[in-house]
Number of protein chains: 2
Amino acid sequence: MIDDLDRQIIDQLRVDGRRSFGEIGRSIGLSEASVRARFGRLQRQGVVQVVGMTDSVKLGEMEVHLAVRVHHMPVALVARELSRMPEVRYVASCVGPYDLIADVRCRDLGHLAELLTERVRRVNGVAHAEALTVLEVIKDSYLWAGFRELPAAPGERIIPP
Amino acid sequence: MIDDLDRQIIDQLRVDGRRSFGEIGRSIGLSEASVRARFGRLQRQGVVQVVGMTDSVKLGEMEVHLAVRVHHMPVALVARELSRMPEVRYVASCVGPYDLIADVRCRDLGHLAELLTERVRRVNGVAHAEALTVLEVIKDSYLWAGFRELPAAPGERIIPP
DNA sequence: GGTTGATTCCGCGAATATCGCAGCCGGCCG
DNA sequence: CGGCCGGCTGCGATATTCGCGGAATCAACC
């Protein structure tokens, strides 16, 4: 289904999603057309997707990770409810000290407060929600092979003080 | 530092990271060269990054979220240490009941066990690491935080019940 | 007013990349 | 054997990227 060539293509796209198919093909011994065809197939299957990822802190947004405990209610239902909220970027059911994980992005503290107290904590079944507010993103890489040095790149200030 | 044009460029790249600069420029009234220059700047600043993202379930991997408490050691140092590990996909310092968050992807349970016991929990300063193993990803949206009203949500993957 | 420097934008030609298609090849099966 | 299928390649037409120089804008300053 997914062979080693596919994996090599994905590896390269993880490092740089805009790398040309020709260049990828040259480096793994495949023609541009083949790489293109394989990428198309992988994309159609939902295995890989090339997207722009942003650093929320540098954009002045708040990134908050929620760990949720669910009582007296199916976890899947609560998950579905949380998924409906546009600020919620990621929801997963888990095994561990919490039942659900949700990643959230908000404009500011007021927005976050409204979301948590007015909406998340009022969802039926949410017994407890632990919030971890992100101060700084040290690494955000989807590499599995792991080249690509740290994205830190301090030096250019983004958000005016 | 980041103006509305930048945001519009990022918006489009979030949906499709391979969209051509010319097409983006045409849709927001900017030349290809300007879009290219802006994207280059945003990328250098670490605001945005175009990468290939994979579906861990479809690849048969494990996804685990770690919440870490740090004692007797600067959080930044521990974060740097964790960032070095290729399995660690995401690291952020936090305010809340834990000091660090790390997202991890492993091939299988054995790989995860080795990572946690042999490497993560032996990092100097790691006092406690809570692990949440993902059972099912209910939502994983790469789209620009949805609270900025965007039409619909292409590029969003919501696993149906 | 004029000058300088910094920034941002555009247009342009050359080099590349993408796209669709026709054709080739090896495996597979009746 | 002969036909078929999936995957690969080569190729020409079109589109995109890239690096440049130059124009417009703005602010600071003499």
Any sub-3.5 Å donor-acceptor pair from Lys139(A)'s side-chain atoms to Arg89(B)'s backbone N or O?
no

Just by distance, with hydrogens left out, do Glu63(A) and Ser56(A) show a side-chain donor and acceptor under 3.5 Å apart?
yes

Under 4.0 Å, heavy atom to any atom of DNA chain C: which of residues 18-25 of chain A qualify?
Ser20(A), Phe21(A), Gly22(A)

State whether Glu114(A) and Arg119(A) are salt-bridged, where the test is any N-O pair (Lys NZ or Arg NE/NH1/NH2 against Asp/Glu carboxylate O) under 4.0 Å.
yes

Is the shortest heavy-atom distance from the side chain of His111(B) to the side chain of Met62(B) under 4.5 Å?
no

Check each residue of residues 27-40 of chain B for a non-hydrogen atom within less than 4.0 Å of any atom in DNA chain C, then write out the ones that pass by number, or none.
Leu30(B), Ser31(B), Ala33(B), Ser34(B), Arg38(B)

Checking Glu23(B) now: which residues fulfil side chain to side chain contact (heavy atoms under 4.5 Å, CB included) with it, not counting sequence neighbours?
Arg19(B), Ser20(B), Arg26(B)

Listing request: all ring pair (Phe, Tyr, Trp, His ring centres under 6.0 Å) pairs with a residue in residues 7-41 of chain B, at least two apart in sequence or in separate chains.
Phe21(B)-Phe39(B)

Between Glu87(B) and Arg105(B), does at least one N-O distance fall below 4.0 Å, as a salt bridge requires?
no

Just the table, please: protein N/O against nucleotides 21-24 of chain D N/O, every pair under 3.5 Å.
none

Quickly work out the Arg26(A) CZ to dA15(C) P distance and round it to whole Å.
15 Å

Length of the line joining Asp16(A):CG and dA17(C):P, which is rounded to integer Å
13 Å

Whole angstrom value for the distance that separates P of dT16(D) from CD of Gln12(B)
13 Å

Whole-Å distance separating the CG atom of Leu5(A) from the P atom of dG7(D)
12 Å

Can you say whether the rings of Tyr90(B) and His65(A) are parallel (under 30°), tilted (30 to 60°) or perpendicular (over 60°)?
tilted

Could you name each residue pair satisfying salt bridge (Lys or Arg N to Asp or Glu O under 4.0 Å) that touches residues 28-51 of chain A, not counting sequence neighbours?
Asp3(A)-Arg38(A), Asp6(A)-Arg38(A), Asp6(A)-Arg41(A), Glu32(A)-Arg36(A)

Do Leu59(B) and Ile2(A) touch side chain to side chain, with heavy atoms closer than 4.5 Å?
yes

